[in-house]
Engineer: 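This structure is in structure tokens; I'll ask about it shortly.
We number each residue from 1, following the sequence as shown.
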Amino acid sequence: MENHTAESCRKANLAIRDTLDVVGGKWKLVLLSVLRSGKRGFNELSREANISPRILSKELQELEMNDLVKRMVCDTKPITVQYELTAYSKTLEPVLIEMEQWGERHRKKIISER
């Protein structure tokens with residue numbers, strides 16, 4: 001573990017803020033997690049993530065803007081839209097796995113203390 005200095009802490013805080021600006025909030029990591037198992041249509045995402053269409057639309061736009069999600073308009077009648085993870089989003093895979101494991105451990109800890 002490296003020595004903590006005022007400069008290293010400042011850089012770490014900046015990096016964490018940058019990360020939270022991109023994936024923070026209630027929904028972004030949930031949506032990325034749902035999309036890990038493959039492409040989804042808008043309505044599928046809304047149902048699986050239990051998120052309102054209005055909020056989903058905003059979250060997907062932000063994820064797309066940050067190159068984490070790709071939006072594909074399908075040539076169907078009626079027109080449908082599919083979403084999938086980008087290659088760049090795979091860089092978050094270790095973070096998602098670690099958060100999932102931590103969440104499972106935390107849930108067990110909290111339940112066992114009751």
Engineer: Given the rule that I, L, V, M, F, W and Y join up when any side-chain heavy atoms are under 4.5 Å apart, are Met99 and Ile97 in one cluster?
Structural biologist: no

Engineer: Is the side chain of Glu44 donor-acceptor paired with the backbone N or O of Gly41 at a distance under 3.5 Å, no angle test?
Structural biologist: yes

Engineer: Would you list the pairs meeting salt bridge (Lys or Arg N to Asp or Glu O under 4.0 Å) in which at least one residue belongs to residues 79-88, sequence neighbours left out?
Structural biologist: none

Engineer: Answer yes or no: does atom CG of Leu14 have more than 12 heavy-atom neighbours from other residues, nucleotides or ligands under 6.0 Å?
Structural biologist: yes

Engineer: Which residue pairs pass the side chain to side chain donor-acceptor pair (under 3.5 Å) test with at least one member in residues 9-18, sequence neighbours excluded?
Structural biologist: Glu7-Arg10

Engineer: Between the main-chain N or O of His4 and the side-chain N or O of Ser8, is there a donor-acceptor pair closer than 3.5 Å?
Structural biologist: no

Engineer: Under 3.5 Å, which donor-acceptor pairs do the side chains of residues 54-62 form with other protein atoms, sequence neighbours left out?
Structural biologist:
| from | atom 1 | to | atom 2 | distance (Å) |
| --- | --- | --- | --- | --- |
| Lys58 | NZ | Glu62 | OE2 | 3.3 |
| Glu59 | OE1 | Lys28 | NZ | 3.1 |
| Glu62 | OE1 | Lys28 | NZ | 2.6 |

Engineer: To the nearest 0.5 angstrom, please state how far the CH2 atom of Trp27 sits from the CG atom of Leu63.
Structural biologist: 13.0 Å

Engineer: Locate the shortest heavy-atom distance separating Leu45 from Ile51; write the atom from each residue and the value.
Structural biologist: O-CG2, 4.1 Å

Engineer: In this structure, would Val95 and Leu29 fall into the same cluster of hydrophobic residues linked by side-chain contacts under 4.5 Å?
Structural biologist: yes

Engineer: Which pairs of donor and acceptor atoms, one on a side chain in residues 101-110, lie under 3.5 Å apart (sequence neighbours left out)?
Structural biologist:
| from | atom 1 | to | atom 2 | distance (Å) |
| --- | --- | --- | --- | --- |
| Lys109 | NZ | Glu113 | OE2 | 2.4 |

Engineer: To the nearest 0.5 Å, what is the distance between CG on Asp67 and CD on Glu64?
Structural biologist: 9.0 Å

Engineer: Taking distance alone, no hydrogens or angles, what donor-acceptor pairs closer than 3.5 Å link side-chain atoms of residues 30-37 to residues at least two apart or in another chain?
Structural biologist:
| from | atom 1 | to | atom 2 | distance (Å) |
| --- | --- | --- | --- | --- |
| Arg36 | NE | Glu93 | OE2 | 3.3 |
| Arg36 | NH2 | Glu93 | OE2 | 3.2 |
| Ser37 | OG | Val34 | O | 3.1 |
| Ser37 | OG | Arg40 | NH2 | 2.7 |

Engineer: Compare every heavy atom of Ser46 with every heavy atom of Ser52, then report the nearest pair and how far apart it is.
Structural biologist: C-OG, 4.3 Å

Engineer: Please tabulate, for side-chain N and O atoms in residues 68-76, each donor-acceptor pair with protein atoms closer than 3.5 Å (sequence neighbours left out).
Structural biologist:
| from | atom 1 | to | atom 2 | distance (Å) |
| --- | --- | --- | --- | --- |
| Arg71 | NE | Tyr83 | OH | 3.4 |
| Thr76 | OG1 | Pro78 | O | 2.7 |
| Thr76 | OG1 | Thr80 | N | 3.2 |
| Thr76 | OG1 | Thr80 | OG1 | 3.1 |

